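For reference, the structure discussed in these notes is given below.
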Amino acid sequence: MAKRYIIIGSGAAGLEAATAIRTADSLGNITVVSEESWPYYSRIRIGEVVDGRSEPDKLALRLPNWYDEQKINLLLKSRVTRIVHAKKQVQLADGQLLDYDSLLIATGARAFVPNFPGSDLAKTLRFMADAVALRQAIVGVKRAVVIGGGLLGLELAASLAKAGLAVTVVERNNRLLPRQLDLVAGELVLELLQRQGIDFVLPASTAQIRQENNGLSVDMDDGCSLPADLVLVSAGVRPAIELAQAAGIEVDQGILINDQMQTSIPGIYAAGDCAEHRGQLYGIWPASSEQGRFAGRAMAGLDVTYAGTTRMVTLKVAEIGVFSMGKTGDEDGEVQAERSGDDYKRLVRDENGVLIGATLVGDLSERRHILMALTAGKPYP
Amino acid sequence: MRYVCIVCGYIYDPAHGDPVAGIPPGTAFEDLPDSWVCPECAASKEMFEPVKEGE
């Protein structure tokens, strides 16, 4: 009998898994259950829907007829309410029970909103439905505040600025992208974004959001307030693990998986933003799609060993190129930094002159040589 | 040859093309129009590197 596969979630992990299963097993019954209304799309690009540069359909990562061609049964706007692993079944919100031989939990992550008074007045951007709603919500709106100056917060701020809003970003660190960039690079990115018309308040912590007669007010810890028509929170994500937890699957911050992508219950796998592998929660697209491919092959009965995903070193922050690799701290070695116009290059070498880390902002043309020098341990240039 | 987007990790495989963007299977990376962008993250063509096959 054909093997029955059920995948919960239609993001990168879920769909890459479905694709990998179909490649390995041409006869299996594959069902993908998703709460979302849009089939597999590029989550990275949903900001383009907010500012009108793109449309939901244009961000699809598969043609509409692909699902039929691949015989993948896609159930959109459907929610799994329960995993009954003793019977190898999942239950949908409408009561329907589906049988599986192999189940993948790829439920992803949700936007995290810190718990301060009035936080329910803020919006988040995580799903295509959020992007479509936000596009409507910004019509006629003049002032937006984005709480959180990380990668996604900056992208969102740039989208809103493109749509013509006056945007202020509130960041609790004293500079942008502290995990990715040194002080000078962080300041350059700040300056480039300011030139795109975005204002910054940092370091600053949000104490509360208040509804006022003529809009909202974002109040800081230091007593300052920012008036806004719209407030967005971009403070990271949290893995969606409730379904797994309720089924008795072992979880920590994420759903625990081994190198074969298996959870603690036989026949149940997990991948993507909801999964925790060797203590790592990635929360990045390349890791989710890679884990999905591994999970799909494992579910189809192939031997796999997932050893983790190399974190990407190139970023695009609101169309500004940023490259950072290796050791980039001031204490790591001898630093040579040079800013010319809007471009920045910072190289870190050890006592023998060997390149051990690099940061580029703007002009990324040298990254290929730097990458080779770093991986080969050769002197540079 | 396959190409990888160094921003998001998307792999352009000429065997599949990019049907959603109207790029038919069999289109070499070099033959993609300059206006083509990464379907996952919208990076431009210059952000792609050749994939060393066999890895």
Side-chain angles (χ1 to χ4, degrees), chain A residues 11-12 15-16 19 23 39-49 53-54 57-66 69 151 155 159 282 284-293 309-323 325 360 363-365 367-368 370-372 375, chain B:
Chain A
L15 256 293
E16 293 300 331
T19 308
T23 305
Y40 187 30
Y41 58 85
S42 171
R43 191 177 310 289
I44 300 175
R45 296 177 63 183
I46 57 176
E48 296 176 27
V49 171
R53 273 177 295 160
S54 196
D57 294 345
K58 288 188 184 153
L59 299 188
L61 291 170
R62 297 285 187 271
L63 283 176
N65 59 3
W66 179 88
E69 278 171 17
L151 271 175
E155 285 287 354
S159 276
Y282 287 95
I284 52 170
W285 184 277
S288 287
S289 52
E290 189 169 17
Q291 288 182 7
R293 286 190 285 272
T309 298
T310 311
R311 284 182 189 271
M312 282 288 150
V313 292
T314 307
L315 314 165
K316 223 180 47 151
V317 189
E319 296 179 0
I320 301 163
V322 176
F323 170 92
M325 186 176 185
L360 299 173
D363 178 9
L364 305 187
S365 55
R367 71 173 195 280
R368 197 172 306 197
I370 290 174
L371 199 78
M372 289 192 311
T375 43
Chain B
M1 192 187 307
R2 299 191 304 158
Y3 278 72
V4 61
C5 172
I6 62 162
V7 177
C8 76
Y10 170 81
I11 291 173
Y12 177 78
D13 187 339
H16 300 145
D18 180 7
V20 178
I23 306 293
T27 306
F29 182 81
E30 294 75 18
D31 295 333
L32 291 169
D34 289 338
S35 58
W36 183 83
V37 296
C38 173
E40 282 180 5
C41 76
S44 57
K45 268 182 82 176
E46 64 191 30
M47 301 302 272
F48 280 71
E49 305 268 343
V51 177
K52 293 184 210 98
E53 298 296 344
E55 274 182 6

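Naming: A, B, ... by sequence-line order, numbering from 1 per chain. All heavy atoms count here, side chains included; hydrogens, waters and symmetry mates do not. All values derive from a computational prediction rather than experimental measurement.
In plain terms, the two heavy atoms of A:Ser42 and B:Pro39 that are nearest each other are CB-O, 3.5 Å. Taking each heavy atom of B:Glu46 and A:Arg367 in turn, the nearest pair found is O-NH2, 3.3 Å. When every heavy atom of B:Val37 is checked against every heavy atom of A:Arg45, the shortest pair comes out as CG2-NH2, 4.1 Å. Closest non-hydrogen pair, B:Val20 versus A:Leu61, comes out as CG2-C, 4.1 Å.
For the pair B:Met47 and A:Leu364, the minimum side-chain heavy-atom distance is below 4.5 Å.
The candidate from B:Ala21, B:Ala43, B:Pro19 with the greatest count of non-hydrogen atom pairs under 4.5 Å with chain A is B:Pro19.
Proximity to chain A (any heavy atom under 4.5 Å) is restricted, for B:Glu49, to the side chain, taken from C-beta onward.
In B:Asp34, the CG atom is not crowded: 12 or fewer heavy atoms of neighbouring residues, nucleotides or ligands sit closer than 6.0 Å.
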